[in-house]
Amino acid sequence: MSYTEPFVPIPEDIIAKMLRMAAVKPGELVYDLGSGDGRIPIVAARDFRARAVGVEIRKRLVDESRKKVKGQGLSGQVTIRHLSFRRVDLSRADVIATYLTSYVLNGLTPKFNRELRHGTRVVNFDYQIPDWTPAREVRVKPSGWKKEHPMYLYRV
Ligand SMILES: C[S@@+](CC[C@H](N)C(=O)[O-])C[C@H]1O[C@@H](n2cnc3c(N)ncnc32)[C@H](O)[C@@H]1O
C-alpha cells in the first residue's frame with residue numbers, strides 16, 4: 001500500500017470557509033478524500049447539518065476520527081471509511097471537500113470525470129486541480145500562518 005500524501009491537517013479555522021465556499025446545504029452528501037483526523041466531515045455534519053463521508057487509508061487516523069465522531073454524537077451523520085479513496089464510488093457526492101496536492105488531484109481527475117454528477121462542487125485548499133478551471137478562487141489566511149493561501153472551487 002502506498003501513501004501518496006502525508007497527513008497535514010487543514011487549519012481548523014479554514015474548514016467552515018471551505019464549506020461555505022462550496023455552499024453546503026443541510027442533508028447534502030460531503031466527501032473528504034483523505035480525511036485525516038476527520039475534522040472536515042465533523043464540521044460538515046455538526047455546523048452545516050450535512051451527511052459526511054471521510055475516506056482515510058491510515059488506520060490510526062481512522063480510529064482517531066471515528067472516536068471523535070462518536071464523542072460528538074455525530075455517528076448518524078458521519079461515516080469514516082478505511083480504504084483508498086481511489087476505490088470509493090463518488091457518484092452520490094454533492095460536494096467533495098479536500099486538502100490534497102495537485103499531484104494527487106491530477107491522478108484523481110479521470111475518476112472525477114467518470115463518477116461525479118453534473119453540478120457536484122469540488123473545493124480544495126491550497127492546490128489547484130490541474131487542467132480544471134475554477135469557478136471561484138479566494139485567498140485565506142489561516143490563523144497563525146504567515147501568508148494567505150488559495151482555495152479553489154470547481155463545478156462539475
Ligand atoms: C493533507 S492530509 C489532509 C487531511 C484532512 N483532509 C484535513 O484536511 O485535515 C491528506 C490525507 O490523505 C490521506 N491519504 C493519502 N493517500 C490516501 C489514499 N490513497 N486513500 C485515502 N487516504 C489517503 C493521508 O493519510 C492524509 O491523512
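Ligands are counted one by one from 1 in listed order, and the atoms in each one are counted from 1 as well.
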Taking only non-hydrogen atoms of R39 and a 4.0 Å limit, the atoms of ligand 1 in range are 9 (O)
4.5 Å side-chain heavy-atom contact, K147 and K141
no
Quick check: L100 and ligand 1, any N/O pair under 3.5 Å apart?
no
Does some side-chain heavy atom of R46 sit less than 4.5 Å from a side-chain heavy atom of Q72?
yes
Where on I57 is there a heavy atom closer than 4.0 Å to ligand 1, on the side chain, on the backbone, on both, or on neither?
both
Atoms in ligand 1 with a heavy atom of R86 nearer than 4.0 Å
19 (N)
Contact between D126 and P150 at the side-chain level, heavy atoms closer than 4.5 Å - yes or no?
yes
Can you list the residues that meet the side-chain hydrogen bond (donor to acceptor under 3.5 Å, both in side chains) rule with D13, with sequence neighbours excluded?
none
Whether L83 lies under 4.0 Å from ligand 1, heavy atom
yes
Which of I10, L19, I14 passes side-chain contact (heavy atoms from CB on, under 4.5 Å) with V43? Answer is L19
Counting from 1, what ligand 1 atoms have a heavy atom of P9 closer than 4.0 Å?
9 (O)
Ligand 1 atoms nearer than 4.0 angstrom to some heavy atom of D32 are 5 (C), 6 (N)
Under 3.5 Å, N or O to N or O, is R58 touching ligand 1 that way?
yes
So, D32 and T98: side-chain donor and acceptor under 3.5 Å apart, yes or no?
no
Kindly confirm or rule out an N or O of L33 lying under 3.5 angstrom from an N or O of ligand 1.
no
Tell me, do V88 and Y31 make a side-chain contact under 4.5 Å, heavy atoms counted?
yes
Backbone or side-chain N or O of D37 under 3.5 Å from ligand 1 N or O:
no
What atoms in ligand 1 come closer than 4.0 Å to a heavy atom of V8?
1 (C), 2 (S), 3 (C)
Same cluster or not: I57 versus L61, using hydrophobic residues (I, L, V, M, F, W, Y) connected whenever any side-chain heavy atoms lie under 4.5 Å apart?
no
Under 4.0 angstrom from ligand 1, any heavy atom of L61?
yes
